[in-house]
Amino acid sequence: MYCVRSVTDDLLWVGGNDRQHPLFESAHPVPRGMAYNSYLLTDEKTVLFDTVDRAAQRQFLENLEHGLAGRGLDYVVVHHVEPDHAATLEDLLLRYPEVTVVCTQRALDFLAQFNGAVPKNHLAVKDGDVLSTGRHSLTFLTAPMVHWPEVMVSYDSTEKILFSADAFGAFGALNGVLFADEVNFERDWLAETRRYYFNIVGKYGVQTRSLLKKAAALDIQMLCPLHGLLWRRDVDYILEKYTRWAGYEPELRGVLLPFASIYGNTETAANILACRLAERGIPVEMYDVSVTHPSYVMAECFRYSHIVFSSPTYNNGIFVTMENLFHDLAAHNFQNRTVALIQNGTWGPNSGKLMIQLLEGQKNIRLLEAPVTLKSALAPGQETELKALADTIAADFNT
């Protein structure tokens, strides 16, 4: 049985949702599921914009059959070859053998790698190429490394829609809703949109800014991404968010306290610092990196202006979950933040020095002062060092 929604008079959402798999890309928790968006244009020529992950394949194929209503399929536009969008393409070609695959040349190369051959009927397009489907005119714009090298987006100049591939996506299944204006976006979707961006696309800020520059030259009235909600109102809102995120600018002037703690002593120091900061009216958030998935903590690291990392020394190194977070941040181009450190070690507190070494490889990271050092636990009177650190952070807020 089909389950579709109309986007415009002749554009239909024919995607699907997956609420059974706990991880996206075997890496990122998706407790609210995942949406795989696909769109069918029924003009003089019929055009399918992308397929879906195999997890949603049955629903997608039933949706597509309903949407075509007995018509053939003329084109399938492949914006992105990653299997969560193109895994179903092989089966689609068996059902609609005469369809023409429209994509970049690099995408054709990748399709051959995944499927063993280039599709029989294909049209390789370049930046600025145009395809007329009747009433609609589609302009293809390349978007390399947002977030794979073969990616492109499509602009429908008739309806002023940008089919944006993985840009502007989000974690989360679509629970009957389709458009961002149908939900309380900031309350219910912004965090998962941010987490999606920084974990999936965020490393490629320069390339994302290049796509945003191309988008700025277009009259965009609607955004249709491959994951998450569609934007038909307040498009400038999500474009502004992406501009900030792609520039690695903090969204919130506040302090994030990611900590690792084996026996609770490092956590106690982080808690005391949080109290002193809160007393000064500074927004504070804390995460135990041993129990919170790094995808959440990393997104928050890109959200806050100031971060205090707190870690014990473990096997003469950084505690493993904190070290993993540092490597994950480096892999996603962590930059433009003010940082302080708390280290702990019973006989050889060494984690602070090692955290500094990892931060030195990142762009524009400002270390406020030397790490606060614990030896097993806070010594009597040592809470004054945490108060002094809170004073330093507060003073930095006022500069």
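Because only heavy atoms are used, hydrogens play no part in the values below, and waters and symmetry mates are left out as well, while side chains stay in.
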Mind jotting down which residue pairs meet the side-chain hydrogen bond (donor to acceptor under 3.5 Å, both in side chains) criterion with at least one end in residues 68-78? Sequence neighbours excluded, please.
T46-D74

Suppose the criterion is side-chain hydrogen bond (donor to acceptor under 3.5 Å, both in side chains): which pairs have a residue in residues 261-270, not counting sequence neighbours?
T266-N344

Look at the aromatic rings of [X] and [Y] and report parallel, tilted or perpendicular, splitting at 30° and 60°.
X: F171; Y: Y196; result: perpendicular
X: Y296; Y: H293; result: perpendicular
X: F163; Y: H79; result: parallel

Side chain of [X], backbone of [Y]: donor and acceptor closer than 3.5 Å?
X: T104; Y: E150; answer: yes
X: Q57; Y: R54; answer: no
X: N37; Y: G15; answer: no
X: D53; Y: A56; answer: no
X: D328; Y: N324; answer: no
X: T88; Y: V52; answer: yes
X: Q113; Y: L111; answer: no
X: R32; Y: A173; answer: no
X: N115; Y: A117; answer: no
X: S164; Y: A167; answer: yes

What I'd like to find out is whether the side chain of V255 reaches to under 4.5 Å of the side chain of F397, using heavy atoms alone.
yes

Would K241 and E251 count as a salt bridge (charged side-chain N to carboxylate O under 4.0 Å, His left out) here? Give the steps.
CA-CA 9 Å; K241 288 292 185 186; E251 281 181 87; 2.9 Å; yes

Does the salt bridge (charged side-chain N to carboxylate O under 4.0 Å, His left out) test come out yes or no for D43 and R135, once each step is laid out?
CA-CA 7 Å; D43 199 0; R135 189 173 74 88; 5.2 Å; no

Salt bridge (charged side-chain N to carboxylate O under 4.0 Å, His left out) between R366 and D396, intermediate numbers included
CA-CA 11 Å; R366 185 166 61 97; D396 193 66; 2.8 Å; yes

Test of ring centre spacing under 6.0 Å for F179 and W13
no

E65 atom CD: more than 12 heavy-atom contacts under 6.0 Å
no

With sequence neighbours left out, the residues meeting side-chain contact (heavy atoms from CB on, under 4.5 Å) with V177 are E182, V183, L229

What are the two closest heavy atoms between V289 and P258, and how far apart are they?
CG1-CB, 3.9 Å

Residues Y36, H227; criterion ring-ring contact (aromatic ring centres under 6.0 Å, His included); working and verdict
CA-CA 5 Å; Y36 298 99; H227 297 292; 5.4 Å; yes

